[in-house]
There are 2 protein chains.
Amino acid sequence: MKRSLESIVYSQDTEVLAKFAKALGHPTRIAILKHLENQSCCFTGDLVEVFPLAQSTISQHLKELKNAGLIQGELKPPKIKYCIHHDNWNKAKSLFQEFFE
Amino acid sequence: MKRSLESIVYSQDTEVLAKFAKALGHPTRIAILKHLENQSCCFTGDLVEVFPLAQSTISQHLKELKNAGLIQGELKPPKIKYCIHHDNWNKAKSLFQEFFE
DNA sequence: AAAATCAATCGTATATTTGCGATAACAGAT
DNA sequence: ATCTGTTATCGCAAATATACGATTGATTTT
């Protein structure tokens, strides 16, 4: 992709909000997070049963949510328990809130 | 992209929220909307001066925001005045609000 | 009718996203 | 040390997103 030479600098809040929004920009990831809100936590395998998607695809969505900071994984061998990352969740919540006023 | 044969059906709210989030998933578009919140309205040309991006690029971002329903354009020849689409804005606001509880 | 102004669209290049199957990696059990 | 269950990563293909310059389109002014 061609990029403007001087890459644009946005405020930290703008960047962070966009990052959260991007992570939320796919219905599967919204659905995963809704699921996590209900169950409080869950394993990758649970989601593979809930959604008609390949395990690798689910794993990839989880990775993006993790990269965005919205969830965190906890080792529960041989499984991994995923939960909402409450600090960042609240951060996202307040960023969206103030954005929409 | 390979797609699962049975394309997944999500709730309307999930789809709509993801669509809004996707539109917000780029810092330039966040910045444009913040600008619109301050100015209440503005012309494409204004934005071209504010952001170091080509006119066509700005126009494309505006198109996506319009497609997502977050803004609307009003003909003010020879310009086009863009404003927040308040109904959908409030819809988005409440969807994010209930999503984050 | 012609010119001027402004925004949208087209064509192109590159990057990123989304999805899958196959394979690797990890931790506990045998 | 090997096997088992679970999840992550790799490699690929197709779709979408991002950016630009050039062109087109629409509307007012001249």
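Chain A is the first sequence line, chain B the second, and so forth, proteins listed ahead of strands; every chain is numbered from 1. Below, all heavy atoms of this structure are taken into account, side chains as well, without hydrogens, waters or symmetry copies. Note that this is a predicted model, so its numbers are computed, not measured.
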Open item on the list: With a cut-off of less than 4.0 Å, is there a side-chain N or O of Lys22(A) near OP1 or OP2 of dA17(D)?
Closed with: no

TODO: Grab the CD-P distance between Gln72(A) and dT7(D) for me, whole Å please.
DONE: 17 Å

Task: Residue list, side-chain contact (heavy atoms from CB on, under 4.5 Å) with Gln39(A), at least two apart or on another chain - done: His35(A)

TODO: May I have the distance from Glu74(A) (atom CD) to dT7(D) (atom C1'), rounded to whole angstrom?
DONE: 15 Å

- [ ] Rounded off to whole Å, could you give me the CG-to-C1' distance for the Leu24(B) and dA17(D) pair?
- [x] 16 Å

TODO: Give every residue pair that meets the ring pair (Phe, Tyr, Trp, His ring centres under 6.0 Å) criterion with at least one member in residues 71-101 of chain A, sequence neighbours excluded.
DONE: Trp89(A)-Phe99(B), Trp89(A)-Phe100(B), Phe96(A)-Phe96(B), Phe96(A)-Phe100(B), Phe99(A)-Trp89(B), Phe100(A)-Trp89(B), Phe100(A)-Phe96(B)

Quick test: give all pairs of protein nitrogen or oxygen and nucleotides 5-9 of chain C nitrogen or oxygen below 3.5 Å, distance rounded to 0.1 Å.
residue: dA7(C); atom: OP1; partner: Thr44(B); partner atom: N; Å: 3.1
residue: dA7(C); atom: OP1; partner: Gly45(B); partner atom: N; Å: 3.2
residue: dA7(C); atom: OP2; partner: Gly45(B); partner atom: N; Å: 3.1
residue: dA8(C); atom: OP1; partner: Tyr82(B); partner atom: OH; Å: 2.1
residue: dA8(C); atom: OP2; partner: Ser59(B); partner atom: OG; Å: 2.7
residue: dA8(C); atom: N7; partner: Gln55(B); partner atom: NE2; Å: 2.8
residue: dA8(C); atom: N6; partner: Gln55(B); partner atom: OE1; Å: 2.9

Open item on the list: Rounding to an integer number of Å, can you tell me how far Glu64(A) CD sits from dA17(D) C1'?
Closed with: 14 Å

TODO: Take atom CD1 of Ile32(B) and atom P of dT18(D), then tell me their distance rounded to the nearest Å.
DONE: 11 Å

TODO: May I have the distance from Phe51(B) (atom CZ) to dA19(D) (atom P), rounded to whole angstrom?
DONE: 12 Å

Open item on the list: With a 4.0 Å limit, can you tell me whether His61(B) has a side-chain N or O closer than that to the phosphate oxygens OP1/OP2 of dA17(D)?
Closed with: no

TODO: Measure the shortest side-chain to side-chain distance between Lys91(B) and Leu95(B) over non-hydrogen atoms and say whether it is less than 4.5 angstrom.
DONE: yes

TODO: Report yes if a side-chain nitrogen or oxygen of His26(A) is closer than 4.0 Å to either non-bridging phosphate oxygen (OP1 or OP2) of dG19(C); otherwise report no.
DONE: yes

Using residues 15-23 of chain B as the side-chain source, report each donor-acceptor pair under 3.5 Å to any protein atom, sequence neighbours left out, with the distance given to one decimal.
none

Identify all side-chain donor-acceptor contacts of residues 44-57 of chain A below 3.5 Å with residues at least two apart in sequence or on another chain.
residue: Asp46(A); atom: OD2; partner: Phe43(A); partner atom: N; Å: 3.1

TODO: Can you tell me which residue pairs pass the salt bridge (Lys or Arg N to Asp or Glu O under 4.0 Å) test with a partner in residues 27-39 of chain B, sequence neighbours excluded?
DONE: Arg29(B)-Glu64(B)

Open item on the list: Measuring from atom CD1 of Ile30(B) to atom CG of Asp13(A), what distance do you get when rounded to the nearest 0.5 angstrom?
Closed with: 10.5 Å

Open item on the list: Without decimals, in angstroms, what is the distance between Ile30(B) CD1 and dT18(D) C1'?
Closed with: 16 Å

Open item on the list: Distance check needed: dT7(D) P versus Leu53(A) CG, whole Å only.
Closed with: 15 Å

